[in-house]
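Quick notes on the structure that follows.
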Amino acid sequence: MQIQVKCSCGEEKCPEWAILELQGVVEAQPSFKDHLQNLQIGSLCRPTSQETYTFTVGYHELTGTKVPLKKPMLVLKKIKLDTEEEKDNISSSMVELDVIGVIRQRILFKTRPKALISKPQPTEKEKACAAVSSMSN
Amino acid sequence: MEIEKSQPYGEGGAEAILNVQPNTSIFIAYHHLFGPHDDLMLLELDEMLLPDILNQRDKSYVDAVLCRQSKTYAVKFVGTSNSVFLIPPSNLSISLGASPNPSEKDHENSVVASVIKVVPGSMELVKVAPRLDKLKLLLSENPYGFDKCHK
């Protein structure tokens, strides 16, 4: 079976996507596990003009840098084509890969998270807020 | 959940992540279309191949091998144990055929970038010798000889 790779956007207009990469797993509270949509994970901060970033998730702070990828990556979307061209015995469920984006850099957090212990005790309302975006490794 | 949903968000996306200004921060959230999205995959490839594929100079096929006009590449899937959050540009909804993310439309000073999926890994290309056996067989059936010159 052959799958054709197509691009409808062209070189200049191909939108750039981004990658945020960290070690381990971000786990949401069990009560949110099945509906993560729109849930806040954390905040990404660039404290200086250097390409160094901090990613704060709950009470954990990760430090990382923006690194260009050695090789670019394409974001491909699989599209099922219901073709009627069965004259050449081509299977009717053809698949095509559409290029919908390109990735050239990522923000990589490869250090262990630092616990933010100096934060003041949150009020009840803030606790509910933090629980939503908290994580445990 | 409601607390989070009602938070005002500014517009963001991959552009926001890639252009964070010094001394500022943006929120990272799960996209309202966050899910496994098995139809989205990443393909790592040489910079030199990029213009050809993006400009469709000639057709590319993925089939455990990626065939270009004169070169063949084996495709292998490389998994990762890291959490790779894939963040589309803010106008992604158009390419996914969905309505715009309402939470990104509110005009407030907090910017949010949304994660569409956690990527399990990516596909990589390794240059391989094309399988020419079939071609050799076909050619050997009808070798070029002296008599053909005069036809």
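No hydrogens, no waters, no symmetry mates; every other heavy atom, side chains included, goes into these values. Just so it is clear, the model here is predicted, and its values are computed rather than measured. Throughout, protein chains are lettered first and strands after them, A, B, ... in sequence-line order, and every chain is numbered starting at 1.
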Using heavy-atom distances under 4.5 Å, tell me whether Leu50(B) contacts chain A through its side chain, its backbone, both, or neither. side chain
Which atoms form the tightest heavy-atom contact between Ala18(A) and Ala14(B), and what is the distance? N-CB, 3.5 Å
Please name all residues satisfying side-chain contact (heavy atoms from CB on, under 4.5 Å) with Lys114(A), sequence neighbours left out, ordered by chain then number. Glu61(A)
In terms of heavy-atom pairs under 4.5 Å with chain A, which of Ile17(B), Leu45(B), Val84(B), Asp38(B) leads? Leu45(B)
By side-chain contact (heavy atoms from CB on, under 4.5 Å) - contacts of Val20(B) (at least two apart): Leu44(A), Arg46(A), Tyr53(A), Thr24(B), Ile26(B)
Should Val26(A) and Val118(B) count as side-chain neighbours, where that means a heavy-atom distance under 4.5 Å? no
Below 4.5 Å, heavy-atom pairs only: which of Lys110(A), Glu51(A), Arg104(A) has the largest tally toward chain B? Arg104(A)
Is any side-chain heavy atom of Phe85(B) closer than 4.5 Å to a side-chain heavy atom of Leu22(A)? yes
Can you tell if the side chain of Leu76(A) reaches within under 4.5 Å of the side chain of Leu40(B), non-hydrogen atoms only? no
Is there a donor-acceptor pair under 3.5 Å between the side chain of Gln37(A) and the backbone N or O of His31(B)? no
Under 4.5 Å heavy-atom distance to chain B, tell me which part of Val75(A) shows up: side chain, backbone, both or neither. both
All side-chain hydrogen bond (donor to acceptor under 3.5 Å, both in side chains) counterparts of Asp98(A), not counting sequence neighbours: none
If every non-hydrogen atom of Cys14(A) is compared with every non-hydrogen atom of Leu54(B), which pair is closest and at what distance? SG-CD2, 3.9 Å
Could you point out which residue of Leu39(A), Ile41(A), Leu36(A) forms a side chain to side chain contact (heavy atoms under 4.5 Å, CB included) with Val115(B)? Ile41(A)
Given 3.5 Å as the limit, does a donor-acceptor pair link the side chain of Ser83(B) with the main chain of Gly24(A), or not? yes
Among residues 64-74 of chain A, those lying within the under-4.5 Å heavy-atom range of chain B are Lys66(A), Lys71(A), Pro72(A), Met73(A), Leu74(A)
Taking Glu15(B), Glu44(B), Gln21(B), Glu124(B) one by one, which has the highest count of heavy-atom pairs under 4.5 Å against chain A? Glu44(B)
For Trp17(A) and Leu18(B), the nearest pair of non-hydrogen atoms, with its separation, is O-CD1, 4.1 Å
When Pro47(A), Gly101(A), Pro15(A) are compared by non-hydrogen pairs under 4.5 Å with chain B, the top option: Pro47(A)
Could you go through Leu42(B) and Ile19(A), starting from their C-alpha distance and side-chain angles, then the distance that decides it, and tell me whether this counts as side chain to side chain contact (heavy atoms under 4.5 Å, CB included)? CA-CA 11 Å; Leu42(B) 299 181; Ile19(A) 279 182; 4.2 Å; yes
Check whether Ser81(B) gets within reach of chain A through its side chain, its backbone, both or neither, counting any heavy atom under 4.5 Å. backbone
When the 4.5 angstrom heavy-atom criterion is applied to Ser49(A) and chain B, the contacting part is both
